[in-house]
Each structure stands twice: as structure tokens, then as C-alpha cells.
Amino acid sequence: MKRIAFAVVTVVLGACAGAFCWAFFFLMNAGLDLLWVKAPAWLAAIGMPAVVYPLAFCVAGGVAIGLFQKNVGPYPDDMNAVLAEVKKTGRYDYRHLGAMFFGALLPLLFGGSIGPEAGLTGVVAGLCSWVGDRLKFVGAEMRELANAGTAAILSAIFSAPLFGLAAPLFGYADDADGRRRRIDSFTATVVSAPQVSKPVKTAVYLLSVAGALGAFMLLNEVAGGGSGLPHFSDMAVGTSELAWALPVIALGACAGWLFHGFGWAVGKLSARLGDRVVVKAVVAGAILGVLGIFLPFTLFAGEAQTEMLAQQWTALGAGALLATGFLKVLASQVCLGLGWRGGHFFPLIFSGIAIGYAAAGLFGIDPVFALSVSTAALLGAAMRQPLMVALLLILCFPAKAVVFVLAAACLGAAVPVPKAFSRKLSH
């Protein structure tokens with residue numbers, strides 16, 4: 001009976017995680033429509049030049065985010081920090097769920113070039129820990145609820161079940177900060193924790209992921225409004241694509257390498273600004289706003305903008321697409337390094353897609369092929385985990401792209417990154 005009760009709890013929690021993810025995206029997109037479509041139109045009608053709106057609004061966002069960080073705290077945690085804590089202790093502190101939720105949503109509404117995965121992972125892990133504390137009668141399996149919750153929410157966020165299953169098992173999603181996390185470094189710190197067999201653990205994760213994806217997809221079908229990673233199909237691979245594969249991979253890998261370089265430079269700036277969290281956030285808003293005036297796609301997480309880019313890329317030109325791809329990487333690091341807290345996966349994927357479209361226009365090759373290898377190379381260079389890149393992108397592109405995605409991710413990850421770029425100067 002205990003196992004049946006636990007299975008039911010796991011599926012229900014997974015479904016709740018999927019529904020929560022859908023609701024978060026729905027709320028975020030509704031807020032973005034109000035603040036970035038309706039509000040600018042109203043202000044333009046009363047005489048405010050539309051061109052200055054990104055700068056004015058992003059600076060205002062910097063003030064709001066800085067005051068939030070100063071008065072409430074540095075929420076949410078980085079996604080890898082959440083995964084590491086859950087892997088280490090089997091739980092996540094749930095005393096500040098409201099702060100994590102609002103801290104994740106606030107920079108996204110103000111146009112931050114960051115993803116929602118950090119805040120969503122922390123909130124769901126905290127909620128699962130709260131449930132586990134109240135259902136201890138089930139036994140040792142309850143310790144796996146937080147891990148199952150992170151698997152569920154990551155699967156729903158990215159529509160990537162294999163990535164969602166792998167990240168909690170490994171205790172990290174990538175090695176973008178230069179400090180590879182290993183499972184054995186955590187198990188030694190778990191004191192007398194009852195262990196769960198691998199078959200049971202696998203079943204727990206699978207049930208939670210199934211519940212999450214089922215709820216997320218059902219709500220998308222019934223009410224719409226959800227988001228996730230894009231999906232491309234009908235990829236053609238011929239001699240032209242193979243001939244230009246390495247130059248396209250090089251473009252993506254270069255952007256991924258710059259992700260580390262920009263992070264190092266922003267860390268230097270952050271260290272100079274010291275503990276002035278409001279000033280940091282306003283500086284980030286000003287930089288983001290200026291970029292947004294000239295290249296609007298450098299704003300926002302990127303998951304909703306990918307569809308817009310797919311419709312407009314032929315009219316934008318290769319130069320604008322390349323500038324968007326590379327400068328969105330910069331915008332992401334500016335946000336992350338100066339207090340606009342969130343994740344980096346969605347902006348980097350969007351950057352890889354923009355660069356891929358630019359390459360398709362420059363070299364006259366199949367756009368989906370170009371997107372697959374440029375995005376994989378960029379993420380490989382940034383994440384330093386080719387397998388995790390492949391698991392993340394495996395459902396974004398056609399099945400025939402899997403080999404090219406994995407190869408491009410491996411080549412990107414092979415690009416050496418100076419040790420200085422991996423130092424955490426100030427975040």
C-alpha cells in the first residue's frame with residue numbers, strides 16, 4: 001500500500017509541477033503582452049517616442065529588481081545550486097517560495113535576457129520538500145520527492161524528458177561556471193540517509209516526468225499559452241550542408257566561448273561596483289535597454305521569440321542576425337552578473353538559432369541543419385557537457401539531426417576556455 005500511495009503522490013506532484021510550469025509561462029506571457037505591447041502603444045498614443053521605451057522600461061526594471069534584491073534577498077538560486085542541494089540533502093528549503101517565485105518572474109517581465117528555469121526549479125523542489133515533510137509515513141522514498149520534482153519541472157520547462165531525468169541524477173545541468181559537479185562529492189555528506197534502490201528511484205522519476213508532461217501538454221492543448229523549447233522539422237542534409245558544417249559550428253562555438261569571456265568581463269564590472277545591488281541592476285537595465293533599442297531580439301528569454309524569428313529571419317539579414325546572436329549572449333551575462341537572476345539556457349538556445357539562420361542565409365544551406373549544429377556548438381562551448389546538450393536538444397530537431405547535434409556539441413565543448421574565465425568574481 002505504501003508503494004501505491006507513493007506512486008500516486010509522485011504522479012500527482014509531477015502533474016502539479018507541469019501545471020505550475022504552464023501557469024508560470026502563461027502569467028509571464030500575459031505580463032509581457034501588457035508591458036511590452038499594450039503599454040508602449042498607449043504611451044506612443046500620448047506622445048512618448050516608442051524607440052526610447054526599451055531603455056526607459058529596462059532602467060525602471062533595474063530599479064525594481066535592485067530594490068527587491070536589497071530588501072528581500074538574492075532570489076532565486078541558480079539552477080545548478082538547487083540541483084546540487086537536492087542531490088546532497090534530498091530536500092530544498094521552502095521557507096522563501098514566494099520570494100523565489102516573484103524573484104524569478106520580475107526580471108523576465110522587464111525584458112531580461114534570462115530563462116525561468118532557476119526560479120521554477122527552486123520553487124518546485126521546495127514544494128516537494130514541503131510535501132515530503134508531511135507524508136513521512138511512506139518511508140525512505142519520500143527523500144526522492146524533491147529530486148523527482150526537479151526532474152518533472154525541467155522536463156516541462158524544456159519539453160525535454162531525457163534532460164529532465166538526467167540533471168537530477170547527475171546533480172547538475174551543465175558545467176558553465178567551470179566547476180564540474182560530481183555525484184560522489186555529495187554522497188559523502190549525506191549522513192545516515194536511508195537509501196532507495198535504483199529501480200525504485202528510476203520509477204519515481206519516470207512517474208513524475210510523465211505526470212508533468214501530461215499536465216503541461218494537456219493545458220497547452222486546452223488553454224494554449226504555454227511555452228517550451230521550439231521544434232523544427234523537415235531538415236535536408238546534402239553536400240552543401242556537410243561542406244559548410246564546420247564553419248557554422250565554428251560560429252556557434254565562438255559565441256559559446258564568448259559566453260565565458262563576457263561572464264568574466266561582467267564579473268570584473270560587478271566587483272568594481274561592490275555591494276551596491278541597486279546600482280548593479282540599473283546598469284544591467286541600461287545596457288539591456290540600449291541593446292533592445294537597436295536589436296529587439298536581444299531582450300527577453302527567447303522561447304516565445306523563436307517563432308517570431310522563424311517568420312522574420314529572411315527579412316532581417318545575416319548581419320543583424322549575427323549581431324543578435326552574439327549580443328544576446330552578452331545581454332544574458334550582463335543580466336546574470338548584475339543581479340537579474342535567472343537561467344541561461346533559453347537565451348543561449350535563441351542565440352544559437354539566430355546564428356544558425358544567419359549562416360543559412362550566408363552559405364545558402366538548409367536552415368534547420370544550420371540551426372541544429374550552430375545551437376549545439378554554442379551550448380557545447382558554454383555548458384561543457386556534450387551529452388547534456390544532446391539530451392536538451394534531442395526533441396528540438398528531427399531524428400536525423402541527432403548525430404550532427406552530438407558531434408557539434410562535442411566540438412564546441414572541445415574549445416579551450418581560459419581558467420580566468422571560470423573564476424566566479426562576483427554574482
Return all side-chain donor-acceptor pairs below 3.5 angstrom for residues 115-128, not counting sequence neighbours, or 'none' if the list is empty.
| unit_1 | atom_1 | unit_2 | atom_2 | d |
| --- | --- | --- | --- | --- |
| E117 | OE2 | H344 | N | 3.2 |
| E117 | OE2 | F345 | N | 3.1 |
| T121 | OG1 | E117 | O | 2.6 |

[atom2] on [Y] to [atom1] on [X], rounded to 0.5 Å:
X	Y	atom1	atom2	value
L108	L32	CG	CG	7.5 Å
W22	F216	CH2	CZ	9.5 Å
R91	W130	CZ	CH2	12.5 Å
C58	L291	SG	CG	9.5 Å
S270	L338	OG	CG	5.5 Å
I157	I153	CD1	CD1	4.5 Å

Just jot down the side chain to side chain donor-acceptor pair (under 3.5 Å) partners of Y53, sequence neighbours excluded, or say none.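 Y53 satisfies side chain to side chain donor-acceptor pair (under 3.5 Å) with no residue once adjacent residues are dropped.
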Listed by chain and number, what are the side chain to side chain donor-acceptor pair (under 3.5 Å) partners of S372, not counting sequence neighbours?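 Residues passing side chain to side chain donor-acceptor pair (under 3.5 Å) with S372: none at all.
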Main-chain N/O of [Y] paired to [X] side chain as donor or acceptor, under 3.5 Å:
X	Y	result
T306	G302	yes
S374	L371	yes
W257	P416	yes
T298	L295	yes
K328	S113	no
S155	A151	yes
W313	A354	no
Q311	M308	no
S208	A148	yes
K400	M235	yes

With sequence neighbours left out, write down each residue that passes side-chain contact (heavy atoms from CB on, under 4.5 Å) with [X], or none if nothing qualifies.
X	result
P386	A409, C410, A413
V63	L67, V282
L411	L246, I249
C254	L258, F326

Restricting to pairs with a member in residues 376-400, which pass ring pair (Phe, Tyr, Trp, His ring centres under 6.0 Å), not counting sequence neighbours?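 Counting only pairs at least two positions apart or across chains, the ring pair (Phe, Tyr, Trp, His ring centres under 6.0 Å) contacts touching residues 376-400 are F232-F397.
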Of all pairs that satisfy ring pair (Phe, Tyr, Trp, His ring centres under 6.0 Å), the ones with a partner from residues 73-92, not counting sequence neighbours: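 Those involving residues 73-92 are Y75-H96.
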List the atom of [X], the atom of [Y], and the distance in Å for their closest heavy-atom pair.
X	Y	result
P230	I353	CG-CD1, 3.9 Å
F110	A60	CE2-C, 4.2 Å
L395	P161	CD1-CD, 3.6 Å
F259	L348	CD1-CD2, 3.7 Å
A255	L378	CB-CD1, 3.5 Å
A212	A152	CB-O, 3.4 Å

Could you check if a side-chain atom of [X] sits within less than 4.5 angstrom of a side-chain atom of [Y], using non-hydrogen atoms only?
X	Y	result
V59	L288	no
L321	I355	no
S351	L327	no
R341	Q69	yes
Y94	V131	no
L393	F163	no
E303	F350	no
L165	V209	yes

Assess the residue pair L316 and L309 against the criterion (side chain to side chain contact (heavy atoms under 4.5 Å, CB included)); give the C-alpha distance rounded to whole Å, side-chain angles, the decisive distance to 0.1 Å, and a yes or no. CA-CA 9 Å; L316 291 177; L309 187 66; 3.7 Å; yes
M79 vs L154, test: side chain to side chain contact (heavy atoms under 4.5 Å, CB included). Steps then yes/no. CA-CA 10 Å; M79 186 174 74; L154 290 177; 3.3 Å; yes
Can you run down the salt bridge (Lys or Arg N to Asp or Glu O under 4.0 Å) pairs that involve residues 12-41, sequence neighbours left out, and say none if there aren't any?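 Only D33-K38 qualify under salt bridge (Lys or Arg N to Asp or Glu O under 4.0 Å).
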Any idea how W36 and F300 line up, ring-wise: parallel (<30°), tilted (30 to 60°), or perpendicular (>60°)? perpendicular
Should the pair F363 and W244 be assigned to parallel (<30°), tilted (30 to 60°) or perpendicular (>60°) ring geometry? parallel
Quick one, Q333 with L336, criterion side chain to side chain contact (heavy atoms under 4.5 Å, CB included). Give me CA distance, side-chain angles, the key distance, then yes/no. CA-CA 5 Å; Q333 284 290 36; L336 294 172; 4.0 Å; yes
Side chain to side chain contact (heavy atoms under 4.5 Å, CB included) with L392: which of L162, L387, I349, D174?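 Single side chain to side chain contact (heavy atoms under 4.5 Å, CB included) partner of L392 among L162, L387, I349, D174: I349.
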Give a yes or no on whether D275 atom CG has more than 12 heavy-atom contacts from other residues, nucleotides or ligands under 6.0 Å away.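 Not buried by this count: 12 neighbours or fewer within 6.0 Å.
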Q312, CD: over 12 other non-hydrogen atoms inside 6.0 angstrom: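 More than 12 within 6.0 Å, yes.
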Please step through side chain to side chain contact (heavy atoms under 4.5 Å, CB included) for the pair I394 and V405, ending with a clear verdict. CA-CA 8 Å; I394 193 168; V405 165; over 6 Å; no
Test ring-ring contact (aromatic ring centres under 6.0 Å, His included) applied to F262 - qualifying residues, sequence neighbours left out: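 With neighbours one apart ignored, the set is empty.
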Do K87 and F170 meet the cation-pi criteria used here (NZ or CZ under 6.0 Å from the six-membered ring centre, within 45° of the axis)? no
